[in-house]
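Since this is a predicted model, take the numbers as computed values, not measurements. What's counted below: heavy atoms across the whole structure, side chains too, no hydrogens, waters or symmetry copies.
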Amino acid sequence: MPINPTILFSLLGILGILILYPITPRYFPETKKFWITCGLILAHIGLYGLLWLHTHKVATVSLFLTEGGIFLIWDPFALCPEIYRNSVRVVGDILLGLGIIISLSFFTKFPLWLWTIPAVGLLLPYLIPPLHRHVKWILTTSLALMIIYLTIIGSRIYHHFYP
């Protein structure tokens, strides 16, 4: 008899929370960082599993990317060596930006594919070396396009609450 996915994810989340608070400080003070990380991972697997089953998939992915980006930028347990700190922060910035863009596009019904234009514009001078001499104009155009998109999204949100 297969187990109900809701029960499985609920048990994983509860196990993760139990590892976080009552078990780790009492029984594992020497390896506290490892067990807190395990507890957080299990709790989040349970949480995101429940969200995946019972909410819209885009909202779950957006929340996952946003939280992953914040976790990489903040790095609360200092899991990343200092040598790779800047690279990890760049990946965290990208994940945070993706999560915010996906959630804004989803909730305001703004086309997500339009965000590929400024994203390609931001990457183009670094991927194609001859365009590197025009980097100021290309980045300015991409940022202006992003500001226009955010203005459209902001006006949609404003008109939703104040018609």
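- From L123, atom CG reaches atom CG of L131 across 12.0 Å, with rounding to the nearest 0.5 Å.
- A salt bridge links R85 to D75: one of the charged nitrogens lies within less than 4.0 Å of a carboxylate oxygen.
- When the side chains of ILVMFWY residues are joined at heavy-atom separations under 4.5 Å, either directly or via intervening members, I152 and I147 end up in two distinct hydrophobic clusters.
- Every side-chain contact (heavy atoms from CB on, under 4.5 Å) that L98 has, sequence neighbours left out, goes to L65, I94.
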*Tell me, with the steps shown, if I19 and F28 meet side chain to side chain contact (heavy atoms under 4.5 Å, CB included).*
CA-CA 10 Å; I19 288 173; F28 303 109; over 6 Å; no
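- Partners of D93 by side chain to side chain donor-acceptor pair (under 3.5 Å), not counting sequence neighbours: none found.
- Atom CD1 in I153 sits 5.0 Å away from atom OG in S105 (nearest 0.5 Å).
- Residues V135 and V120 are members of separate hydrophobic clusters, defined by side-chain heavy-atom contacts under 4.5 angstrom among Ile, Leu, Val, Met, Phe, Trp and Tyr.
- Across all their heavy atoms, R89 and I73 have their closest contact at NE-O, 3.7 Å.
- With a 4.5 Å cut-off on side-chain heavy atoms, L50 and S10 count as touching.
- For H56 and F106, the distance between ring centers is under 6.0 angstrom.
- Scanning all heavy atoms of the two residues, the minimum distance from L42 to G16 falls at CB-CA, 3.7 Å.
- Interatomic distance, H134 NE2 to I128 CD1, rounded to the nearest 0.5 Å: 11.5 Å.
- Here the NE2 atom belonging to H132 is positioned 10.0 Å from the CD1 atom belonging to I138, to the nearest 0.5 angstrom.
- Nearest heavy atoms, P163 versus H160: CD-O, 4.2 Å.
- Scanning for side chain to side chain donor-acceptor pair (under 3.5 Å) contacts around T6 gives H54, with sequence neighbours left out.
- At least one side-chain heavy atom of L114 sits less than 4.5 Å from a side-chain heavy atom of P111.
- With respect to L40, the side-chain contact (heavy atoms from CB on, under 4.5 Å) criterion is satisfied by exactly one of L20, I45, I17: L20.
- Counting heavy atoms from C-beta on, the side chains of L112 and I101 come closer than 4.5 Å.
- Y21 and L47 end up in different hydrophobic clusters when Ile, Leu, Val, Met, Phe, Trp and Tyr side chains are linked at under 4.5 Å.
- Shown here are the side chain to side chain donor-acceptor pair (under 3.5 Å) partners of S142, two or more places apart in sequence or in another chain: there are none.
- Shown here is F64, whose CZ atom has no more than 12 heavy atoms of other residues, nucleotides or ligands within 6.0 Å.
- Distance check, rounded to the nearest 0.5 Å: CZ of R156 to NZ of K109 gives 9.5 Å.
- Y84 is not listed as a side-chain neighbour of V91, based on a closest heavy-atom distance of 4.5 Å or more.
- Within the model, atoms CG of L53 and CG of L8 stand 9.5 Å from one another, a figure rounded to the nearest 0.5 Å.
- Of the possible polar contacts, none joining the S103 side chain to the S62 backbone as a donor-acceptor pair under 3.5 Å is found.
- Side chains of L150 and L104 form a contact here, defined as non-hydrogen atoms less than 4.5 Å apart.
- Under a hydrophobic clustering in which Ile, Leu, Val, Met, Phe, Trp and Tyr are joined whenever their side-chain heavy atoms come within less than 4.5 Å, directly or via other members, V90 and L124 fall into different clusters.
- Under a hydrophobic-cluster definition in which Ile, Leu, Val, Met, Phe, Trp and Tyr are linked whenever side-chain heavy atoms come within less than 4.5 Å, directly or via other members, W113 and Y149 are assigned to the same cluster.
- Applying the side chain to side chain donor-acceptor pair (under 3.5 Å) test to T31 and every residue at least two apart in sequence or in another chain returns W35.
- Residue N4 places its CG atom among more than 12 non-hydrogen atoms of other residues, nucleotides or ligands, all under 6.0 Å distant.
- For L63, the side-chain contact (heavy atoms from CB on, under 4.5 Å) partners at least two apart in sequence or on another chain are Y48, L51.
- Put simply, the side chain of F71 does not reach to within 4.5 Å of the side chain of L95, judged on heavy atoms.
- No side-chain donor-acceptor contact under 3.5 Å links K32 to the backbone of T24.
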